[in-house]
Student: 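Structure below; questions to follow.
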There are 4 protein chains.
Amino acid sequence: MARPINEEKRQERRSCILKEAVVLFAENGYSNTTTALIAQSVGVTAGTIFQYFPSKEALFYAAVLEPLADIQVKSLACLKQEGTPGVLIKNMVEEQFNHIYCYTNELRLVQYVLGQRIRFPELTQKVLESTKVMTDTIECVYAKGQLMGEFNKNFSPAMISRAYISFLNGVALTLGESIIHHPEWGNLKEHALYLFAPTQPKEKAGESK
Amino acid sequence: MARPINEEKRQERRSCILKEAVVLFAENGYSNTTTALIAQSVGVTAGTIFQYFPSKEALFYAAVLEPLADIQVKSLACLKQEGTPGVLIKNMVEEQFNHIYCYTNELRLVQYVLGQRIRFPELTQKVLESTKVMTDTIECVYAKGQLMGEFNKNFSPAMISRAYISFLNGVALTLGESIIHHPEWGNLKEHALYLFAPTQPKEKAGESK
Amino acid sequence: MARPINEEKRQERRSCILKEAVVLFAENGYSNTTTALIAQSVGVTAGTIFQYFPSKEALFYAAVLEPLADIQVKSLACLKQEGTPGVLIKNMVEEQFNHIYCYTNELRLVQYVLGQRIRFPELTQKVLESTKVMTDTIECVYAKGQLMGEFNKNFSPAMISRAYISFLNGVALTLGESIIHHPEWGNLKEHALYLFAPTQPKEKAGESK
Amino acid sequence: MARPINEEKRQERRSCILKEAVVLFAENGYSNTTTALIAQSVGVTAGTIFQYFPSKEALFYAAVLEPLADIQVKSLACLKQEGTPGVLIKNMVEEQFNHIYCYTNELRLVQYVLGQRIRFPELTQKVLESTKVMTDTIECVYAKGQLMGEFNKNFSPAMISRAYISFLNGVALTLGESIIHHPEWGNLKEHALYLFAPTQPKEKAGESK
DNA sequence: GATGAATGAGAGTTCATTCAT
DNA sequence: GATGAATGAACTCTCATTCAT
C-alpha cells in the first residue's frame with residue numbers, strides 16, 4: 001500500500017507550483033496574480049492548484065514563509081561557524097550580498113507583506129518574528145565583537161543589527177535586476193560592512209596610505 | 001464668468017480624495033482597494049470619484065506621484081540653503097528622519113510600486129527618475145564635501161547617495177508605527193549620518209570650536 | 001435629498017427577484033438554481049441580484065421565510081375572527097385548502113427545508129417556530145370547541161392540530177399541479193375537516209337521510 | 001469459472017454504497033452531496049463509486065427507487081394476508097407507523113423528488129407509479145370493507161386512500177427524529193386509522209367503558 | 001455636480017468523471 | 001479491482017465604470 005513514489009512526485013509538483021507562485025506574486029502582487037495564471041505557468045490546469053493548496057491565500061502564505069525560513073537558516077548558519085565575531089559578520093554580509101539576487105523575488109514578497117501589514121496581519125507577525133531571530137543573533141555576535149575590540153564600542157548592538165537589516169532590505173528594494181553588474185555594486189557591499197563600524201578597516205585605510 | 005469659488009471647492013475635494021486614496025492604497029494595495037471604499041471614506045458616492053479622476057489607475061498614479069514630488073521639493077530645499085556640504089547633508093538627514101513618520105503611507109506607496117516594477121513600468125520609471133534627481137543632488141553636495149575634507153574621500157559619492165536612499169527606504173519599510181517612541185530611534189538617525197562617513201562628526205560639533 | 005420614488009422602485013424589484021427565486025428554488029432546489037438563472041428570469045444581469053441580497057444564501061432565506069410569514073398571518077387571521085370555534089376552524093380549513101394552489105411553491109420550499117434539516121439547521125428552526133405558532137393557536141381554538149361540544153372530546157387538541165398540519169403538508173406535497181380540477185378535490189377538502197372530528201357533520205349526515 | 005464469492009462481495013459493497021448514499025442524499029440533497037463524500041463515508045476512494053454505478057445520477061436513481069420498492073413490497077404484503085378488510089387496513093397502518101422511523105431517510109428522499117418534479121421528471125413518474133400501486137390496492141381493500149360495513153360508506157375509496165398517503169407523508173416530513181418518544185405518538189397512529197372512518201372503533205370505545 | 005443602480009467580465013473555487021498506475 | 005491526481009466546465013460573487021435622474 002505504500003506509495004513512496006507518488007508522495008515524492010507530489011512534493012515535487014508542490015514545490016514547482018510554489019516556485020512559480022513566488023515569482024508571480026512578487027511581480028504582480030497578490031490580487032493581480034490569478035490562480036489560473038500560476039497554473040498556466042506551471043503547466044497544469046486551474047483546478048490542480050487546489051489539490052496542493054487549499055486556497056489562494058494558503059498558497060500565498062507558503063510562498064512568503066517557506067522561502068523566508070530557507071534564507072534564515074542559511075544566514076544563521078554563517079554566524080554559527082568557527083571564527084571571531086568580526087569574521088563571522090563579514091562572512092554573513094558576503095553571503096547575503098552575494099546571494100541577494102537569487103532571492104530577489106522572495107525578498108520582495110516579504111517587503112510586499114511588510115508594506116501592507118494591516119492587510120496581512122498574521123503574515124506580518126510571522127515575518128517580524130523571523131526577522132527578530134535574525135537581528136537577535138546578529139546583536140549577540142556583535143556585542144561579543146565589541147568586547148573583543150573588533151567593533152566600535154559607541155554603537156548599540158540592537159541599533160546596529162536593525163540598521164543593517166533595514167539597509168539590506170532597502171538595497172533589495174531599490175536596486176533593479178542589473179545590480180550585480182553595476183560598477184558600484186562591489187563598493188555597496190563593502191559599505192554594508194562599514195555600517196557595522198569595524199575598527200580594523202580604519203587601520204587598513206591607515207596602512208594603505 | 002470665472003467661478004473661483006467652485007473651482008476652489010473642486011480642488012479641495014480632489015485633494016481630499018487623493019489623501020484618502022494614498023492611505024488606502026498604501027494599506028491595502030492597488031487591487032484590494034476598491035473605488036467604492038475610497039468614495040465611502042471620503043464621504044461621497046461611488047460615481048463621484050470619476051468626476052475627479054478619469055479612472056482608478058489615474059487616481060493611483062496621482063496618489064503615488066504627487067506626494068513624491070512634494071517630498072522631493074522639501075528634501076532638495078535642505079540641500080540648497082546656505083552652509084557647508086556637511087551641514088547641508090546633516091540638515092537633510094534630520095529633516096527626512098524627523099518627518100519620515102508623516103510620510104509613511106506615501107513612502108510605502110512608492111516602495112509598493114518599486115517592488116512591482118513589471119506590473120507598473122511607467123510609474124516605476126517616473127519614481128526612479130524622481131529618485132535620481134535626489135541622488136544626483138546628494139552626490140553633488142557630497143563630492144563638494146569630500147573636497148572640503150568634511151567626508152571620507154575613500155567612498156564614491158554615487159555609491160554613498162544610493163546607500164543612503166536604500167537605508168532610508170529600508171527604515172521606512174522595516175520599522176512599524178511606533179518608530180518614534182522606540183528607544184533606539186535617536187541612535188538610528190545618527191547612524192544614518194554615519195553612513196556618509198563624516199570625518200570628525202562628534203568632535204567637530206563639540207570640541208573644534 | 002429624499003428619494004421616495006427610488007426606494008419604492010427598489011422594493012418593487014426586490015420582491016420581483018424574490019418571487020422568481022421562490023419559483024426556481026422550489027422547482028430545482030437550492031444548489032441546482034443558479035443566481036444567473038434567477039437574474040435571467042427577472043430580466044436583469046447576474047450582478048444585479050447581489051445589489052438586493054448579499055448572497056445566494058440570504059436570498060434563499062428570504063425566499064423561504066418571507067412568504068411563510070405571509071401565509072401564517074392570513075391563516076391566523078381566520079382564527080381570530082368572531083364565531084364559534086367550529087366555524088373558525090371550518091373557515092381556516094376552507095381558506096387554506098382554497099389557497100393551497102397559490103402557495104404551492106412556497107409550501108414546497110418549506111418542505112424542502114424541513115426535509116433537509118441537517119443541511120439547513122437555522123432555517124429549519126425558524127420554520128418550526130413558525131409552525132408552532134400555528135399549531136398552538138389551532139390547539140387553543142380546538143380545546144374551546146371541545147368544551148362547547150363542537151368537537152369529539154376523545155382526541156387531544158395537541159395531536160389533532162399536528163395531525164392537521166401534517167395532512168396539509170402531505171396534500172401539498174403529494175398532489176400535482178392539477179389538484180383543483182381533480183374530481184376528488186372537493187371531497188379531500190371535506191375530509192380535512194373530518195380530521196378534526198366535529199360532532200355536527202354526523203348529525204347533518206343523519207338529517208339528510 | 002463462476003466467481004460467486006467475488007460477486008457476493010461486489011453486491012455487498014454495492015449495497016453499502018447505496019445505504020450511505022440514501023442517508024447523505026436525504027440529509028443534504030442531490031447537488032450538495034458529493035460523490036467524494038459518499039466514497040469517504042463508505043471508506044473507499046473517489047473512483048471506486050464509478051465502478052459500481054455509472055454516474056452520480058444513476059446512483060441517485062437507485063437510492064430513491066430501490067428502497068421504495070422494498071417498502072412497497074412490505075406494505076402490500078400486509079394487505080394480501082388473510083382477514084377482513086378492516087383488519088388488513090389496521091395491520092397496514094400499524095406496520096407503516098411502527099416502521100416509519102426506520103425509513104425516514106428513504107421517505108424523505110421520495111419527498112425530495114416529489115417536491116422537485118420538474119427537476120426529476122423521470123424519477124417522479126416512477127415514484128408516482130409506485131404510489132399508485134399502493135393507493136389502488138388500498139382503494140380495492142377499502143371498497144370491500146365498505147361493502148362489508150366495516151367503513152363509513154359516505155367516503156370515496158379513491159379519496160380515502162390518497163388522504164391516507166398524504167397524511168403518512170406529512171407525518172414523516174413534519175415530525176423530527178424524536179417522533180417515537182413523543183407522548184402524542186401513539187395517538188397520532190390511532191388517528192391515522194380514524195382517517196379511514198371505520199364504523200367499529202367508536203362502538204369498541206363505547207363498549208370498553 | 002452628485003447620485004447609485006445596473007452592468008458584465010473575470011475572479012476563486014468545486015466536483016463529477018477519467019485513466020494511468 | 002482499487003486508486004487518486006488531473007481535468008475543465010460551471011458556479012457564486014466582486015467591482016470599475018456608466019448614465020439616467
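Since the structure is predicted, the reported quantities are computational estimates derived from the model, not experimental observations. For the numbers below, each heavy atom of this structure counts, side chains included, while hydrogens, waters and symmetry mates do not. Letters go in sequence order (proteins before strands), and every chain restarts at 1.
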Student: Within the structure shown, what part of the strands sits under 4.0 Å from T33(B) by heavy-atom distance: base, sugar-phosphate, or nothing?
Tutor: sugar-phosphate
Student: Could you check how far CZ of F60(A) sits from P of dT13(E), rounded to whole Å?
Tutor: 14 Å
Student: Less than 4.0 angstrom between a side-chain N/O of T48(A) and OP1 or OP2 of dA6(F), yes or no?
Tutor: no
Student: Taking the side chain as every heavy atom from C-beta outward, state whether Y112(B) and V64(B) have any pair of such atoms under 4.5 Å apart.
Tutor: no
Student: Nearest to the side chain of V44(A), heavy atoms from C-beta on, is which of dT14(E), dT17(F), dT7(F)?
Tutor: dT7(F)
Student: Can you find a side chain N or O atom of R13(B) that sits less than 4.0 Å from OP1 or OP2 on dA2(E)?
Tutor: yes
Student: Starting from C1' on dT14(E), measure out to CG on L37(D) and report it in whole angstrom.
Tutor: 14 Å
Student: What is the separation between atom CD on E57(B) and atom P on dT17(F), rounded to the nearest whole Å?
Tutor: 8 Å
Student: Nearest to the side chain of T35(A), which nucleotide is it out of dT13(E), dG1(F), dT18(E)?
Tutor: dT13(E)
Student: Which nucleotide sits closest to the side chain of Y52(D): dA11(E), dG1(F), dA16(E)?
Tutor: dG1(F)
Student: How close or far is atom P of dA16(E) from atom CG of N28(D), stated in whole angstroms?
Tutor: 12 Å
Student: Is V113(B) close to F25(B) at the side-chain level, that is, under 4.5 Å between some pair of heavy atoms?
Tutor: no
Student: Return the value, rounded to whole Å, for the distance between atom CD1 of I17(C) and atom P of dA5(E).
Tutor: 12 Å
Student: Do I38(B) and L59(B) have side chains that get closer than 4.5 Å, going by heavy atoms?
Tutor: yes
Student: Side-chain N or O of T34(C) less than 4.0 angstrom from OP1 or OP2 on dC11(F)?
Tutor: no
Student: Could you tell me if K126(A) sits above the aromatic ring of F120(A), with its cationic atom closer than 6.0 Å to the ring centre and no more than 45 degrees from the axis?
Tutor: no
Student: Assign each of P54(B) and G43(D) to its nearest nucleotide of DNA chain F by heavy atoms, then name whichever residue's nucleotide is nearer the 5' end.
Tutor: G43(D)
Student: Expressed in angstrom and rounded to an integer, what is the separation of F50(A) atom CZ from dT12(F) atom C1'?
Tutor: 14 Å
Student: May I have the distance from R14(D) (atom CZ) to dA2(F) (atom C1'), rounded to whole angstrom?
Tutor: 18 Å
Student: For a 4.5 angstrom cut-off between non-hydrogen side-chain atoms, does F53(D) reach I17(D)?
Tutor: yes
Student: Partner lookup for dA6(E), please. Criteria are Watson-Crick or G-U wobble with both distances under 3.5 angstrom; report none if nothing qualifies.
Tutor: dT17(F)
Student: Give a yes/no answer on whether the side chain of T45(B) brings an N or O atom under 4.0 Å of OP1 or OP2 in dA2(E).
Tutor: no
Student: For DNA chain E, whose closest nucleotide is more 5', that of S55(A) or that of G47(C)?
Tutor: G47(C)
Student: Looking at dA5(E), does its base get a donor-acceptor pair with the side chain of Q51(C) below 3.5 Å?
Tutor: no
Student: Can you measure Q40(B) atom CD to dC15(F) atom P for me and round it to whole angstrom units?
Tutor: 12 Å
